[in-house]
Structures are given as structure tokens and as C-alpha cells.
Amino acid sequence: MTALNSIFLKCFDSTDLRFHGAFTNCYLSWSLGASSSSSSYFQNTSFLNCIIYSKSPSTGYATLSNTSQAYNCIGIVTGTSDSLFPTTGHETCLDLKNIDVFKEGTFYELLDEYKSFATSDGKEVGIYGGNLGFDITPSNPQITRFNVAPKTSVDGKLSIEIEVQGIE
């Protein structure tokens with residue numbers, strides 16, 4: 001069994017998502033085409049404090065396998081699918097339909113109303129509750145503010161002010 005912590009996984013038009021393993025503090029997303037042949041995914045897999053997003057064109061095609069376990073997870077389905085989680089054994093999970101739980105313009109940061117969703121470790125659900133494996137703030141210098149004059153001066157010079165962070 002493979003254990004994956006704090007990952008960001010996207011799969012598109014996959015007909016075989018039968019991964020066997022464990023996901024902790026992860027964001028998983030898959031998009032299924034109309035030709036997908038299986039109605040349940042991630043068999044014999046455990047999910048803890050994860051956000052799971054499934055886009056499916058038809059009812060029933062977005063659910064996790066009955067052999068999988070999910071604890072303190074947020075599941076989101078789109079299309080006509082009813083629920084991401086099988087009917088029993090997932091009472092600690094939040095099952096949503098056609099809802100975006102992320103702040104616009106961020107790297108998958110949760111909206112405030114979902115940040116307080118109860119997890120097993122008291123941290124935020126999804127990738128921000130674990131070790132990302134990378135720093136979301138780039139290490140190269142970043143322009144944080146700039147101001148350019150609308151016109152040149154009498155002697156033909158253009159006034160530009162730039163503020164940069166990350167230079168040591």
C-alpha cells in the first residue's frame with residue numbers, strides 16, 4: 001500500500017482510478033468522460049483530511065468504491081451525480097454538490113466557512129493541513145508595487161517607482 005501525504009492530484013478522462021493506498025491532507029480531482037466504464041473509484045484506499053473533487057457527466061459515476069474509507073474529508077461532485085461517498089461509513093465527511101470551496105485567485109485556499117471543517121488533527125482539511133512539499137511563496141524576487149507616471153517629463157524622462165521583495 002502506498003501512502004501519500006499533502007499532494008495535489010488531477011486525473012482527466014480516466015477509466016481506471018483503482019489506486020490502492022492512503023491519502024492524507026490531499027486534494028484529489030478527476031474528470032470523467034462519457035465513455036468511462038466504472039461507477040466507483042479508488043478501491044481499497046483510505047482518505048484522511050482530504051478534499052476530493054469528482055466531475056462526472058452522469059449519475060453514479062463519481063462515487064468512491066465501497067472498499068474505500070474516507071474520514072474527515074470534503075467531497076464535491078458536479079454534473080448529475082448524487083454523492084461522492086457510499087451511503088454508509090462516511091459520517092465524518094461533508095458531501096457537497098456543485099459547490100466551489102476555494103477562494104478565487106488562490107492556490108486552492110479554502111473559503112472561510114470550510115476552513116473550520118473538523119479534521120482528525122485539528123488542522124485545515126486538504127493540502128494546507130499538511131506539508132506541501134514546496135513553498136507557495138516563490139524564492140525569486142517579486143514586484144509587489146509599481147507606479148509609472150502617465151507622461152514623460154519636459155526633458156523626456158519617464159518616472160517609474162518599483163518595490164521588490166525577496167532581494168537580500
Side-chain angles (χ1 to χ4, degrees), residues 1-33 36 38-140 142 165-166:
M1 180 181 270
T2 304
L4 298 172
N5 294 310
S6 284
I7 64 157
F8 177 82
L9 174 69
K10 289 193 111 175
C11 302
F12 297 96
D13 286 329
S14 179
T15 56
D16 190 10
L17 289 171
R18 290 177 178 86
F19 176 87
H20 302 279
F23 291 94
T24 302
N25 292 101
C26 297
Y27 171 72
L28 299 102
S29 172
W30 67 87
S31 178
L32 304 173
S36 295
S38 179
S39 63
S40 60
Y41 295 90
F42 291 103
Q43 298 176 358
N44 300 311
T45 303
S46 114
F47 301 90
L48 177 64
N49 304 335
C50 293
I51 298 170
I52 308 165
Y53 177 82
S54 179
K55 182 177 180 182
S56 175
S58 58
T59 301
Y61 277 83
T63 60
L64 293 178
S65 168
N66 286 332
T67 62
S68 291
Q69 302 85 36
Y71 307 97
N72 303 92
C73 294
I74 295 177
I76 306 158
V77 294
T78 63
T80 59
S81 291
D82 300 322
S83 172
L84 179 73
F85 303 108
T87 55
T88 59
H90 299 94
E91 290 78 19
T92 62
C93 297
L94 180 60
D95 216 344
L96 303 173
K97 183 174 172 72
N98 295 318
I99 293 177
D100 190 2
V101 296
F102 302 110
K103 289 182 181 178
E104 191 174 326
T106 66
F107 184 77
Y108 294 92
E109 183 181 344
L110 287 172
L111 292 167
D112 292 337
E113 60 259 37
Y114 298 105
K115 283 185 178 184
S116 61
F117 176 74
T119 59
S120 63
D121 57 6
K123 296 181 181 176
E124 189 175 319
V125 67
I127 59 176
Y128 290 99
N131 298 323
L132 284 175
F134 62 92
D135 186 357
I136 60 172
T137 304
S139 59
N140 54 323
Q142 301 293 304
Q165 287 184 343

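Atom set for the values below is all heavy atoms of this structure, side chains included, hydrogens, waters and symmetry mates excluded. Keep in mind it's a predicted model, so treat the numbers as computed, not measured.
A 6.0 Å sphere centred on CD of Glu104 holds no more than 12 heavy atoms belonging to other residues, nucleotides or ligands.
Separation of atoms CD1 (Ile99) and CG (Leu111) is listed at 10.0 Å; rounding is to 0.5 Å. Atoms CD1 and CG, on Ile74 and Leu94 in that order, are 5.5 Å from each other to the nearest 0.5 Å. Note that the OH atom of Tyr71 and the OG atom of Ser46 stand 7.0 Å from one another [nearest 0.5 Å].
Contact between Glu124 and Asn25 at its shortest, heavy atoms only, is O-ND2, 3.6 Å. Of all non-hydrogen atoms in Phe117 and Cys73, the two that sit nearest each other are CZ-O, 3.5 Å. Nearest heavy-atom pair, Cys93 versus Ala70, reported as atom, atom and distance to 0.1 Å: SG-O, 3.4 Å.
The side-chain heavy atoms of Leu96 and Tyr114, taken from C-beta on, include a pair separated by under 4.5 Å. Residues Tyr108 and Ile51 form no side-chain contact, since every pair of their non-hydrogen atoms from C-beta on lies 4.5 Å or further apart. Side chains of Leu28 and Tyr53 form no contact here, defined as non-hydrogen atoms less than 4.5 Å apart.
Tyr27 and Phe102 have perpendicular rings, their planes meeting at more than 60° on a 0 to 90° scale where under 30° would count as parallel.
Checking side-chain atoms of Gln142 against main-chain N and O of Asn140 turns up a donor-acceptor pair under 3.5 Å.
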